[in-house]
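In what follows, chains are A, B, ... by sequence order, proteins preceding strands, each numbered from 1.
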Amino acid sequence: MSTDVSADRIPIKLRAEALEQLLVERGLVDPNVMDSFIKTYEKDVGPLNGAKVVAKAWTDPEFKARLLENGTTAVAELGFKGPQGEHIVVVENTDTVHNVVVCTLCSCYPWPLLGLPPTWYKDPAYRARVVKEPRTVLAEMGLTLPESTEVTVWDSSSEVRFFVLPQRPAASEGMSEEELVAIVSRDAMVGVAVVGA
Amino acid sequence: MMSAVIELDIEGPAAPPRANGELVFAEPWESRAFGLAMSLNESGVFTWDEFREELIAAISSWEQSAQPGDCYSYYQCWLTALERISITHDLIPAHSLRERAQELADRPAGYDHGHDHDHDHDHDDHDDHDH
């Protein structure tokens with residue numbers, strides 16, 4: 001593409017290295033700050049946070065009500081906030097409605113709850129197709145929904161980042177909040193899977 | 001506009017995982033590009049929405065020009081967006097990016113600190129890159 005600042009023949013990793021060197025030399029980026037961001041998102045922030053939110057919502061009706069009312073402030077009660085967590089809206093799966101989330105334009109995603117988005121979430125195929133044929137895409141990803149279930153697709157953006165509250169499986173009756181955390185998958189919180197017990 | 005027909009990649013690098021747990025970054029340069037954007041945003045050099053606009057433009061541009069079989073790289077779009085915003089915000093001159101990348105490409109074979117990139121430039125004894 002003509003707007004590329006570097007010739008195509010230069011390997012991408014050298015473009016990244018050049019950009020980093022220039023920004024660091026000018027004092028615009030502190031390498032230590034940069035490294036801590038990378039480490040945080042590689043190691044510390046991930047779907048476990050979201051699983052804790054789901055398990056709490058399943059066991060604490062008042063928290064669930066607050067979560068559905070205002071996702072951002074409710075998850076902040078558990079200490080989950082930060083970049084890309086400013087406008088979290090929680091949508092609840094029920095017997096009749098299944099919610100699935102996409103960002104059609106880029107990759108908006110509730111980082112504080114789920115970490116960075118997986119590759120498939122950023123992929124052009126998922127972004128384009130889940131809007132047009134959600135049932136087919138979900139089936140290809142291993143989730144076949146009954147015809148009677150209504151599928152709602154939510155398009156995340158800089159204004160709103162959607163998060164799915166999955167249905168609690170009947171077989172999880174009697175499990176503790178801690179045990180529930182372990183059965184909630186990242187994919188279920190994006191809506192491309194359901195939680196099995 | 002989206003490309004007309006895109007197959008959902010079931011087995012390949014963009015395959016939908018069935019469970020939690022995967023590498024966040026496929027290659028070290030991707031994590032560097034991520035960290036640069038986060039750092040610049042945090043220091044207030046640009047807002048996240050400004051970066052996001054460039055990212056959307058880069059992704060859209062790729063999607064419009066992609067040929068069948070082209071492999072999509074999200075972080076390539078990310079880096080393109082970061083290069084563009086660095087230039088439009090006058091952080092660095094456009095020519096310096098090209099020149100520096102070319103210098104790096106011209107390093108003697110065997111010279112490689114791309115794998116385990118650290119910030120100790122003491123070992124960087126062949127050239128101080130100043131011009």
Side-chain angles (χ1 to χ4, degrees), chain A residues 1 3-7 9-26 28-38 41-42 46-48 83-84 104-108 115-116 118-120 122-129 137 140-142 158 185-187 192-193, chain B residues 2-3 6-10 13-20 22 24-25 27-29 31-36 38-43 45 48-49 52 55-56 59 61-63 65 72-74 76 79-80 82-84 86-87 91-92 94 96-98 100-102 104-105 114 117 119 129:
Chain A
M1 101 189 99
T3 51
D4 246 349
V5 291
S6 294
R9 62 198 151 76
I10 294 184
I12 186 89
K13 71 171 189 175
L14 297 185
R15 282 170 52 192
E17 191 177 351
L19 183 61
E20 179 182 346
Q21 285 186 359
L22 291 164
L23 292 167
V24 169
E25 285 166 17
R26 282 161 175 73
L28 293 163
V29 167
D30 177 342
N32 293 321
V33 171
M34 179 175 164
D35 284 341
S36 77
F37 272 123
I38 294 169
Y41 284 94
E42 273 183 335
L48 184 60
Q84 311 288 302
T104 53
L105 289 180
C106 51
S107 51
C108 296
L116 298 181
T119 304
W120 57 262
K122 300 175 287 193
D123 192 73
Y126 177 77
R127 291 176 16 246
R129 288 188 52 212
V137 170
E140 287 172 24
M141 296 175 83
S158 59
S185 71
R186 188 260 326 273
D187 290 6
V192 298
Chain B
M2 304 289 182
S3 310
I6 319 171
E7 295 297 317
L8 194 62
D9 190 354
I10 297 292
R18 265 70 172 182
N20 284 344
E22 65 179 51
V24 175
F25 303 108
E27 296 182 52
W29 70 264
S31 69
R32 311 305 296 171
F34 171 78
L36 285 173
M38 294 299 290
S39 303
L40 290 169
N41 173 239
E42 193 195 52
S43 58
V45 172
W48 198 258
D49 278 354
R52 181 172 173 270
L55 180 60
I56 289 171
I59 290 171
S61 172
W62 184 90
E63 287 177 344
S65 63
Y72 179 69
S73 165
Y74 172 78
Q76 187 157 342
L79 182 67
T80 299
L82 193 56
E83 288 171 337
R84 287 188 50 81
S86 296
I87 291 164
L91 306 182
I92 48 177
S96 69
L97 260 183
R98 250 190 321 270
R100 180 63 59 91
Q102 189 61 55
L104 297 175
H117 196 125
H119 298 285
H129 298 306

S.K.: Which atoms of B/I59 are under 4.5 Å from chain A, going by heavy atoms: the side chain, the backbone, both sets, or neither?
M.R.: side chain
S.K.: Contact between A/V137 and A/Y126 at the side-chain level, heavy atoms closer than 4.5 Å - yes or no?
M.R.: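 Of all side-chain heavy-atom pairs linking A/Y126 with A/V137, at least one is under 4.5 Å.
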S.K.: Heavy-atom distances under 4.5 Å only: say whether B/S31 touches chain A with side chain, backbone, both or neither.
M.R.: both
S.K.: If you count heavy-atom pairs within less than 4.5 Å of chain A, which of B/L82, B/L36, B/I56 leads?
M.R.: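 Top count of heavy-atom pairs under 4.5 Å with chain A: B/L36.
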S.K.: Quick one: what part of A/L14 sits under 4.5 Å from any heavy atom of chain B, side chain, backbone, both or neither?
M.R.: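 Both parts, backbone and side chain.
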S.K.: Out of A/S36, A/G115, A/S107, A/G46, return the one with the most heavy atom pairs under 4.5 angstrom to chain B.
M.R.: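 Of the options given, most contacts go to A/S107.
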S.K.: Grab the two heavy atoms, one from A/C108 and one from A/S158, that are nearest each other, plus how far apart they are.
M.R.: SG-N, 3.8 Å
S.K.: Would you please classify the geometry between the B/F34 ring and the B/F25 ring as parallel, tilted or perpendicular, with 30° and 60° separating the classes?
M.R.: tilted
S.K.: B/S96 versus chain A, heavy atoms under 4.5 Å apart: side chain, backbone, both or neither?
M.R.: both
S.K.: Are B/E27 and A/K13 close enough for a salt bridge, meaning some N to O gap below 4.0 Å?
M.R.: no
S.K.: Considering all heavy atoms of both residues, which atom of A/L105 and which atom of A/R127 are nearest to each other, and what is their separation?
M.R.: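 Smallest heavy-atom distance, with atoms named: O-NH2, 3.8 Å.
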